[in-house]
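The analysis underlying the following values was restricted to heavy atoms, covering all of them including side chains, and did not include hydrogens, waters or symmetry mates.
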Amino acid sequence: MTYVVTDKCIKCKFTDCVEVCPVDCFYEGKNMLVINPEECIDCGVCEPECPVDAIKPESEDLIKWLEINKKYSEIWPNITEQKQALKDAEKYEDEEEKYEKYFDENIK
């Protein structure tokens with residue numbers, strides 16, 4: 001089992017999780033983070049750190065997110081230090097279905 005970042009991260013991109021990850025398995029896109037499932041050691045320390053509850057343990061319901069995390073962790077650069085969240089993060093924290101509306105596969 002691994003952990004995955006879901007669409008709750010999109011347009012927020014809080015990086016509290018990055019700071020606590022012991023294996024540096026987070027990767028940064030323009031408006032969200034992903035976890036490399038091959039590098040994740042399933043320790044779970046990142047999950048409670050996310051202020052928008054975007055990190056979840058892998059499950060059958062999250063296969064889409066496992067695939068997205070895997071794909072973009074192979075493309076986007078690794079992030080190992082905490083950064084500021086996106087400027088309007090608070091505005092998007094509780095919004096639903098953000099992938100269809102806002103996902104951006106670009107790096108910057």
Check the surroundings of atom NZ in Lys91: do more than 12 heavy atoms from other residues, nucleotides or ligands lie under 6.0 Å from it?
-> no

For Cys12 and Glu90, what are the C-alpha separation, side-chain angles and deciding distance, and is it a side-chain contact (heavy atoms from CB on, under 4.5 Å)?
-> CA-CA 7 Å; Cys12 293; Glu90 292 175 2; over 6 Å; no

Counting N and O atoms only, with roles assigned by atom type, does the side chain of Thr2 sit under 3.5 Å from a partner on the main chain of Cys40, one being a donor and the other an acceptor?
-> no

What one should report as the nearest heavy-atom pair of Cys46 and Val20 is CA-CG2, 3.9 Å

For Asn106, does its backbone N or O pair with a side-chain atom of Asp104 as donor and acceptor, under 3.5 Å?
-> yes

Distance (rounded to the nearest 0.5 Å) between Ile107 CD1 and Glu28 CD | 9.5 Å

Give a yes or no on whether a salt bridge exists between Asp53 and Lys56, defined as a side-chain N under 4.0 angstrom from a carboxylate O.
-> yes

Spacing of CD1 belonging to Ile68 relative to CD1 belonging to Ile63, to within rounding of 0.5 Å = 11.5 Å

All salt bridge (Lys or Arg N to Asp or Glu O under 4.0 Å) counterparts of Asp24, not counting sequence neighbours = none

Taking it one step at a time, do Leu33 and Lys13 satisfy side-chain contact (heavy atoms from CB on, under 4.5 Å)?
-> CA-CA 6 Å; Leu33 303 175; Lys13 200 164 80 169; 3.9 Å; yes

Check whether the side chains of Tyr27 and Glu39 place a donor and an acceptor atom closer than 3.5 Å, and report yes or no.
-> yes

Step by step, would you call Ser73 with Ile35 a side-chain contact (heavy atoms from CB on, under 4.5 Å)?
-> CA-CA 6 Å; Ser73 67; Ile35 293 172; over 6 Å; no

Tell me whether the centres of the aromatic rings in Phe26 and Tyr3 are closer together than 6.0 Å.
-> no

Are the side chains of Pro22 and Val45 in touch, meaning some heavy atoms are under 4.5 Å apart?
-> yes

Exercise: identify the closest heavy-atom pair between Leu62 and Val4 | CD1-CG2, 4.0 Å

About how many Å separate CD of Glu96 and CG of Asp7, when rounded to the nearest 0.5 Å?
-> 7.5 Å

Is there a donor-acceptor pair closer than 3.5 Å between any side-chain N or O of Asn36 and the backbone N or O of Glu74?
-> no

About how many Å separate CE of Met32 and CZ of Phe103, when rounded to the nearest 0.5 Å?
-> 6.5 Å

CD/Glu105 to NZ/Lys30 distance, rounded to the nearest 0.5 angstrom?
-> 11.5 Å

Has Glu100 got more than 12 heavy atoms of other residues, nucleotides or ligands less than 6.0 Å from its CD?
-> yes

Closest approach of Val18 to Gln82 (non-hydrogen atoms, all atoms of both residues) | CG1-N, 4.4 Å

When clusters are formed by joining ILVMFWY residues with side-chain heavy atoms under 4.5 Å apart, either directly or through shared neighbours, do Ile75 and Ile79 land in the same one?
-> yes

May I ask you to list the residues sharing a hydrophobic cluster with Leu86, side-chain cutoff 4.5 Å, ordered by chain and number?
-> none

From Ser59 atom OG to Trp65 atom CH2, the distance as rounded to the nearest 0.5 Å = 13.0 Å

What closest approach, in Å, do Val5 and Val34 show between heavy atoms, and which atom pair accounts for it?
-> CG2-CA, 3.9 Å

Charged N to carboxylate O below 4.0 Å: is that the case for Lys71 and Glu67?
-> no

Between Lys11 and Glu93, does at least one N-O distance fall below 4.0 Å, as a salt bridge requires?
-> no

Say whether Phe14 and Tyr92 are linked into one hydrophobic cluster, either directly or through other cluster members, by side-chain heavy-atom distances under 4.5 angstrom.
-> no

Of the non-hydrogen atoms in Pro57 and Glu47, which two are nearest, and what is the gap between them?
-> CD-OE2, 3.4 Å

Thr15 side chain vs Lys83 backbone, donor-acceptor pair below 3.5 Å = yes

Of all the heavy-atom pairs spanning Val52 and Lys8, show the shortest one and how long it is.
-> O-CD, 3.3 Å

